[in-house]
Number of protein chains: 2
Amino acid sequence: MTRKVSGPEIERIVQLLGRLPGLGPRSARKAALALIKRRNDLLVPLAGALAEAVEKIVECPTCGNLDTVSPCSLCEDPRRDRSLIVVVEEIGDLWALERAGVVNGLYHVLGGHLSPLDGVGPDRLNISGLVQRAASGEVQEIVLALNATVEGQSTAHYLTEQLAPTGVVVTRLAQGVPVGGELDYLDEGTLAAAIKSRKRL
Amino acid sequence: MTRKVSGPEIERIVQLLGRLPGLGPRSARKAALALIKRRNDLLVPLAGALAEAVEKIVECPTCGNLDTVSPCSLCEDPRRDRSLIVVVEEIGDLWALERAGVVNGLYHVLGGHLSPLDGVGPDRLNISGLVQRAASGEVQEIVLALNATVEGQSTAHYLTEQLAPTGVVVTRLAQGVPVGGELDYLDEGTLAAAIKSRKRL
């Protein structure tokens with residue numbers, strides 16, 4: 001008796017969906033089934049959108065963002081302040097900042113954080129590109145919007161050293177109580193940062 | 001300042017992935033990003049697999065299974081016992097039984113369960129096809145492998161009535177303690193069914 005159901009085509013979709021973050025084998029099967037059952041409003045459009053992505057989406061050679069034009073539409077946007085570069089670890093972080101609509105400058109995607117134990121040294125991240133952009137004369141401030149993790153912070157420390165010769169002002173995100181956060185649920189590190197950076201009312 | 005990031009192509013993928021079961025807006029974004037970043041080992045193969053599915057996968061006119069051949073490979077498998085039909089609500093149930101490798105007969109997918117409150121009457125399910133198959137003379141037993149829910153069981157009751165004139169034996173799955181289940185965690189209904197259908201050792 002066969003254990004695989006309905007031939008290799010569906011199995012292949014299940015397998016590929018199962019490699020996406022957040023989808024286990026069981027939810028990948030459910031997702032594949034939903035795709036195939038909803039042929040016209042889900043399968044056909046998604047197949048088309050992915051084929052288009054394969055054809056069109058490229059990495060921006062300047063900032064590392066993904067877009068259908070190169071340089072990307074953020075780098076080319078004339079309304080953006082070209083004297084400010086916000087450095088992020090991953091494209092997902094860039095998306096989060098754009099959704100919040102809080103950055104009117106340019107971006108620079110490192111492609112991760114320094115992690116010697118995992119073999120990620122400075123050469124594996126897009127650091128030389130950042131130093132080059134900082135030295136171009138156009139840039140006045142670089143905001144290190146890295147994760148508030150040990151790796152993120154040590155990457156920030158390394159970047160600060162590398163950027164020092166360019167004379168550009170280097171800043172980092174403020175740390176403190178998240179908006180809507182309850183003190184009772186916050187860790188000691190956050191509370192310590194919030195007390196230390198307290199503001200006068 | 002734009003709120004949508006990286007143009008409509010990526011947004012469209014995020015939106016479509018977000019319609020899959022188990023993926024919310026946030027995980028859809030993560031999945032889309034993973035797809036685009038892992039172009040060669042994920043995006044390209046998935047785009048290809050979905051395009052192939054669009055082209056090839058059809059619903060079996062006999063049993064309702066999805067396959068690239070019609071009738072499906074399960075219906076056409078000469079090793080299967082054609083006197084036995086296992087009736088399931090959804091294709092996912094068929095897949096579960098096939099993975100378990102416990103059915104050597106044919107299947108019949110109803111496409112859901114009766115649910116008068118949601119407007120799902122007998123005409124919305126593939127019931128007439130089942131009665132036709134039952135009356136063909138080849139079938140000796142029909143197993144109602146429907147969910148052990150109120151809707152599943154009332155659908156089973158309705159099917160039993162509809163199938164009565166064909167003279168075919170109609171059975172249902174056994175109910176009781178799941179294998180590996182601990183009594184302490186089971187609901188009263190399951191315990192009652194397990195006691196009632198107890199077996200002599």
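Below, chain A is the first sequence line, B the second, and so on; all start at residue 1.
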Open item on the list: Which heavy atom of B:L16 sits nearest to which heavy atom of A:A49, and what is that distance?
Closed with: CD1-CB, 4.1 Å
Task: Per-residue contact mode, A:D41 against chain B (heavy atom under 4.5 angstrom) - done: both
- [ ] Nearest 0.5 Å please: distance from the CG atom of A:L42 over to the CZ atom of B:R19.
- [x] 6.0 Å
TODO: Give, for atom CD1 of A:I57 and atom CD1 of B:I10, the distance between the pair rounded to the nearest 0.5 Å.
DONE: 4.0 Å
Task: Partner chain A: residue of B:R38, B:K30, B:K37, B:R29 with the largest heavy-atom pair count (under 4.5 Å) - done: B:R29
TODO: Check whether A:E59 gets within reach of chain B through its side chain, its backbone, both or neither, counting any heavy atom under 4.5 Å.
DONE: neither
- [ ] Enter the distance from A:E90:CD to B:L33:CG here, rounded to the nearest 0.5 Å.
- [x] 7.5 Å
TODO: Check whether A:R39 gets within reach of chain B through its side chain, its backbone, both or neither, counting any heavy atom under 4.5 Å.
DONE: side chain
Task: Option in B:G48, B:S27, B:A53 with maximal non-hydrogen atom pairs under 4.5 Å from chain A - done: B:A53
Task: Pairs of heavy atoms under 4.5 Å with chain B: top-ranked of A:P21, A:G92, A:C72 - done: A:P21
Task: Approximate separation, where rounding is to 0.5 Å, of B:L50 CG and A:L35 CG - done: 6.0 Å
TODO: For atom CZ of B:R26, decide whether the heavy atoms of other residues, nucleotides or ligands shown that lie under 6.0 angstrom number more than 12.
DONE: no
Open item on the list: I need the residue from B:A34, B:G22, B:A47 with the largest number of non-hydrogen atom pairs under 4.5 Å to chain A.
Closed with: B:A47
Open item on the list: As an exercise, state the distance from CG of B:D67 to CD1 of A:I36, rounded to the nearest 0.5 Å.
Closed with: 10.0 Å
